[in-house]
Structures are given as C-alpha cells and as structure tokens.
Amino acid sequence: MKIAFVGKGGSGKTTLSSLFIRHLAATGAPVVAIDADINQHLGAALGLDEAEAAGLPAMGEHLPLIKDHLRGTNPRIAHADKMIKTTPPGEGSRLLRVREDNPVYDACARPVELDGGAVRLMVTGPFTDADLGVACYHSKTGAVELCLNHLVDGRDEYVVVDMTAGSDSFASGMFTRFDMTFLVAEPTRKGVSVYRQYKEYARDFGVTLKVVGNKVQGEDDLDFLRAEAGDDLLVTVGHSDWVRSMEKGRPPRFDLLEDANRRALSALHTAVDATYELRDWERYTRQMVHFHLKNARSWGNERTGADLAAQVDPGFVLGEEVVAPA
C-alpha cells in the first residue's frame with residue numbers, strides 16, 4: 001500500500017508520517033519510507049542523528065543506476081538516458097517490490113531500527129545551490145516518481161512517502177501514485193488552504209484523500225476542521241509529550257505513546273488497509289501514461305531528442321501478478 005503525507009510547511013506532516021512509520025514497524029509490517037520533501041527531516045524524525053541523516057545516499061545521485069535497473073530489457077526504451085521521471089513500465093521492465101533486495105535498494109536505501117523492527121529509508125537528497133534555476137528542486141523527486149511507477153506492492157506491504165510541502169506535489173503526476181493521501185492540516189485558515197487546493201485538483205483523478213487534524217487543542221479547533229473538511233476529516237491529533245521528547249532527540253519507547261495518539265495511528269492504518277479493495281491497476285497505469293505523454297510533449301521530447309510517446313506499451317498493465325525479468 002502506498003501512502004503519502006502532504007500539508008503546508010510546518011503542519012507537522014513529517015512528524016505524523018514518522019509516527020505512522022513507527023506504528024507500522026511495531027506491527028511487524030514491511031515498510032519502505034521515502035523522504036521526498038525539500039527539507040529532508042524524516043531521517044531525524046525516525047531517530048537518526050545529524051551525521052547519520054546527512055550520510056544517507058541521495059536517490060537523485062543514483063538516477064543513472066535506477067534508470068538502468070528499471071529499464072531491464074524493455075525494447076521500447078532505446079537507452080536508460082532516454083527515460084524521464086514519468087516513464088512508465090512495459091514488457092521487459094524490471095519492477096520493484098517492497099520485500100525484495102535489488103540494486104536500487106542496495107544503492108539508495110538504508111535500514112533504520114525502530115523499537116525492534118526495521119524499515120528501509122530512502123531520501124531524495126537535500127536542496128543545494130546547484131538546484132537553483134533550471135535544475136529546480138522538483139527534479140530531485142523524479143527518482144521517487146520513477147520508482148513509484150515501477151513499484152508493485154501488495155496487501156500488508158507499505159510505502160510511506162513524506163511529500164514536499166504545499167501544492168508543489170502537482171508539479172508532476174506523482175500525487176496520483178498513492179492508495180491513500182493523508183493531508184495534515186492545522187485548525188487555521190492557512191492550515192486548510194492546502195486541503196482545498198488538493199481536493200480541487202485531485203478530484204478528477206480518483207485520489208483517496210483524508211484529512212488529519214494536527215495541533216488540535218479543543219472543541220473550537222475540532223469544530224473548525226469539521227466545518228472545513230467535512231467527511232474528509234478522519235482523525236485529529238493534539239499535544240504529545242512523546243513527540244516533544246522525540247524532537248529533543250530522546251524518544252521514549254514507542255509503546256509509551258499516548259493512548260489517544262495510538263488510536264489515531266490505528267485509525268490511519270485501518271483507513272489505508274480499506275483502500276486495498278478499491279485498487280484499480282488499469283486506472284493507475286492509465287494515469288501514469290497520461291502524465292508521461294503530457295511531460296513528453298511539454299519538455300521531455302525536446303530534452304531527450306526522442307519521441308517519448310513510443311515508450312508507452314499499450315498492452316501493459318501494472319499489477320501484482322506481473323512477472324518482471326530478473
């Protein structure tokens with residue numbers, strides 16, 4: 001199951017995504033965690049110190065390896081350097097699975113121990129001065145999108161992505177790659193503005209969206225979020241001494257998290273699992289192709305000097321039953 005956490009900067013989405021990752025790990029579920037945010041705070045939220053977080057390999061720096069592996073023997077892709085972030089898989093492409101070992105995980109993922117369980121953590125890489133101008137930071141998420149396009153995940157397998165803040169996720173089609181999108185919103189006008197943007201833009205793409213109210217201090221805050229988000233409001237989270245200790249670098253055992261917050265995480269888990277029966281791999285593949293053709297026309301063909309529409313395999317549908325070459 002693929003889960004995105006989105007929200008405006010400072011909403012607490014990284015904290016909540018890290019708590020959900022810890023919750024999943026505590027159940028023994030296999031988890032791949034991906035930090036796709038420009039600020040790269042997920043590693044620290046999962047307990048890594050500054051040196052460990054800074055030492056994580058950046059996916060963007062391994063993009064040639066990622067492309068070469070995913071290309072496999074796909075005859076529609078002449079060379080790996082002709083792949084762009086939206087290139088869809090086809091017959092002969094290599095696919096990624098949550099539980100396997102592969103060269104992409106070897107290069108880009110590192111295990112993080114969480115209260116006896118472990119998750120794979122991958123990061124896009126930090127924003128640098130070199131990303132200014134034409135090579136804007138959106139390009140860093142290209143490696144994430146390419147991997148998600150080639151990912152086959154099943155029931156009780158989880159990929160949790162801490163997305164870039166605000167509505168920047170719409171810079172590509174990556175916002176359609178998820179079974180569940182949790183939008184973290186504070187009980188303020190600014191806090192719900194991103195929700196309204198997301199709701200409007202995602203409506204035509206069948207995106208399953210639920211709001212997680214954060215920093216809720218009383219009934220007035222709760223009433224405000226209910227009025228703004230309606231049935232999309234799934235749970236709310238208030239003050240947490242556990243989180244405060246975690247932010248100081250001294251997290252207690254996870255089973256000491258406050259009962260109310262543990263129940264909230266369980267509600268998120270239940271909501272995610274319920275989307276499994278709603279999966280539509282044909283729609284998922286169709287949307288992938290839609291954004292690839294859009295990107296090909298707008299910049300990809302010119303950038304690569306190739307007709308990227310030819311990369312689309314019209315008979316291919318991604319799904320759990322697809323067997324890719326070794």
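Numbers for residues simply follow the sequence, beginning at 1. When reading the values below, keep in mind they use all heavy atoms of this one structure, side chains included, and skip hydrogens, waters and symmetry mates.
For Lys82 (side chain) and Thr304 (main-chain N/O), a donor-acceptor pair under 3.5 Å exists by modelled atom type. Glu52 contributes a side-chain N or O that, together with a main-chain N or O of Asp49, makes up a donor-acceptor pair within less than 3.5 Å. Distance alone, capped at 3.5 Å, is enough to place a donor-acceptor pair between the Asp313 side chain and the Glu91 backbone. In this structure, Thr188 contributes its side chain and Gly191 its backbone to a donor-acceptor pair below 3.5 Å. Checking side-chain atoms of Lys67 against main-chain N and O of Met83 turns up a donor-acceptor pair under 3.5 Å. Using modelled atom types, no side-chain atom of Glu258 and backbone atom of Ser240 make a donor-acceptor pair closer than 3.5 Å. Here the side chain of Gln217 pairs no donor or acceptor atom with the backbone of Gly238 at under 3.5 angstrom. For the pair Arg76 (side chain) and Leu308 (backbone), a donor-acceptor distance under 3.5 Å is absent. Without hydrogens or angle criteria, Arg120 side chain to Ala33 main chain gives no donor-acceptor distance under 3.5 Å. Checking side-chain atoms of Arg155 against main-chain N and O of Asp273 turns up no donor-acceptor pair under 3.5 Å.
Checked by atom type, the side-chain pair Tyr195/Asp232 shows a donor-acceptor distance below 3.5 Å.
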Would Leu222 and Leu233 satisfy side chain to side chain contact (heavy atoms under 4.5 Å, CB included), going step by step from the backbone distance to the final call? CA-CA 10 Å; Leu222 182 57; Leu233 180 62; 4.2 Å; yes

Before giving the answer on side-chain hydrogen bond (donor to acceptor under 3.5 Å, both in side chains), spell out for His41 and Asn39 the whole-Å C-alpha distance, their side-chain angles and the decisive distance to 0.1 Å. CA-CA 6 Å; His41 292 321; Asn39 293 312; 4.9 Å; no

Could you give me the CA-CA distance, side-chain angles and deciding distance for Val123 and Ile34, then say whether side chain to side chain contact (heavy atoms under 4.5 Å, CB included) is met? CA-CA 6 Å; Val123 302; Ile34 303 177; over 6 Å; no

Could you please spell out the steps behind the ring-ring contact (aromatic ring centres under 6.0 Å, His included) verdict for His269 and Tyr158? CA-CA 10 Å; His269 195 170; Tyr158 301 92; 5.4 Å; yes

Using the side chain to side chain contact (heavy atoms under 4.5 Å, CB included) rule, take Ile21 and Leu46 through it: C-alpha gap first, then chi angles, then the decisive distance, then the call. CA-CA 8 Å; Ile21 290 165; Leu46 292 174; 3.9 Å; yes

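Comment: Lys13 engages Asp37 in a salt bridge, judged by a side-chain N to carboxylate O separation of less than 4.0 angstrom. The residues Arg196 and Glu228 are annotated as salt-bridged, a charged nitrogen and a carboxylate oxygen being separated by less than 4.0 angstrom. Between Arg297 and Glu302 there is no salt bridge, since no side-chain N of the basic residue sits under 4.0 Å from a carboxylate O of the acidic one. Between Asp179 and Arg279 a salt bridge is recorded (basic side-chain N to carboxylate O distance below 4.0 Å). The pair Lys2-Asp153 meets the salt-bridge criterion, with a side-chain N (NZ, NE, NH1 or NH2) lying under 4.0 Å from an Asp/Glu carboxylate O. A salt bridge links Glu186 with Lys8; the closest basic N to acidic carboxylate O contact falls under 4.0 Å.
Here the CZ atom belonging to Phe291 is positioned 10.5 Å from the NZ atom belonging to Lys85, to the nearest 0.5 angstrom. Taking CD of Glu145 as the start and CG of Leu151 as the end, the distance is 13.0 Å to the nearest 0.5 Å. Here the NE2 atom belonging to His292 is positioned 5.0 Å from the CD1 atom belonging to Ile84, to the nearest 0.5 angstrom. Remark: Arg189 CZ to Phe224 CZ distance equals 8.0 Å, nearest 0.5 Å. Interatomic distance, CZ of Arg253 versus CG of Asp115, reported as 8.5 Å (0.5 Å rounding). To the nearest 0.5 Å, the span separating NE2 on His23 from CG on Leu114 amounts to 13.0 Å.
Between His290 and Phe205, the ring planes lie tilted relative to each other; the angle falls in the 30° to 60° range. In this structure, Phe5 and Phe20 have tilted ring planes: the angle between them lies in the 30° to 60° band.
Looking at heavy atoms from C-beta onward, Tyr105 lies out of side-chain contact with Asp101 at the 4.5 angstrom threshold. Looking only at side-chain heavy atoms (C-beta outward), Leu42 and Ser17 come within less than 4.5 Å of each other. Counting only heavy atoms from C-beta outward, the side chains of Leu209 and Leu183 approach each other to under 4.5 Å. By the 4.5 Å heavy-atom criterion applied to side chains, Leu19 and Trp242 are counted as neighbours. Contact of the Ile66 side chain with the Cys147 side chain is registered, since non-hydrogen atoms from C-beta on lie closer than 4.5 Å. Inter-residue side-chain proximity for His150 and Arg94 is flagged as unmet; no heavy-atom pair is nearer than 4.5 Å. When side chains are defined from C-beta on, Pro57 counts as touching Arg110, because their heavy atoms get closer than 4.5 Å. No side-chain heavy atom of Asn102 sits under 4.5 Å from any side-chain heavy atom of Asp106.
With sequence neighbours excluded, no residue satisfies salt bridge (charged side-chain N to carboxylate O under 4.0 Å, His left out) with Glu282. Partners of Phe178 according to the ring pair (Phe, Tyr, Trp, His ring centres under 6.0 Å) rule, which considers only residues two or more places apart in sequence or in another chain, do not exist here.
Counting non-hydrogen atoms of neighbouring residues, nucleotides and ligands closer than 6.0 angstrom, the CG atom of Asp255 exceeds 12 such neighbours. Residue Glu50 qualifies as open at atom CD: its count of foreign heavy atoms under 6.0 Å is 12 or below. Counting heavy atoms of neighbouring residues, nucleotides and ligands inside a 6.0 Å radius, atom CZ of Arg283 exceeds 12 of them.
Residues Ala45 and Met246 approach most closely at O-SD, 3.7 Å, considering heavy atoms. The minimum heavy-atom distance between Pro252 and Leu256, with the atom names listed, is CB-CD1, 4.1 Å. Minimum heavy-atom separation, Val237 to Ala264: CG2-CB, 4.3 Å. Across all their heavy atoms, Asp35 and Gly43 have their closest contact at OD2-N, 4.4 Å. Residue Leu148 comes nearest to Arg177 through the heavy atom pair CD1-CB, 4.0 Å, listed as atom of the first residue, atom of the second, then distance. Contact record, Thr176 with Gly173: OG1-O, 2.7 Å, taken as the closest heavy-atom pair.
A side chain to side chain contact (heavy atoms under 4.5 Å, CB included) with Leu225 holds for exactly one of Val216, Asn214, Val212; it is Val216.
Summarising the hydrophobic clusters (Ile, Leu, Val, Met, Phe, Trp, Tyr; side-chain heavy atoms under 4.5 Å, direct or chained), the residues clustered with Leu318 are Leu95, Val152, Trp281, Tyr284, Met288, Phe316, Val317, Val322.
Hydrophobic clustering of Ile, Leu, Val, Met, Phe, Trp and Tyr side chains at less than 4.5 Å, counting indirect connections, keeps Val211 apart from Val235. Criterion: ILVMFWY side-chain heavy atoms under 4.5 Å apart, direct or through other members. Under it, Leu96 and Leu146 are part of a common hydrophobic cluster. Both Leu70 and Val144 sit in one connected hydrophobic cluster of ILVMFWY residues. Membership requires side-chain heavy atoms under 4.5 Å apart, directly or through other members. Cluster annotation: Val6 and Val272 are assigned to distinct hydrophobic clusters (Ile/Leu/Val/Met/Phe/Trp/Tyr, side-chain heavy-atom contacts under 4.5 Å, transitive). Transitive grouping of hydrophobic side chains (ILVMFWY, heavy atoms separated by less than 4.5 Å) keeps Leu56 and Met163 in distinct clusters.
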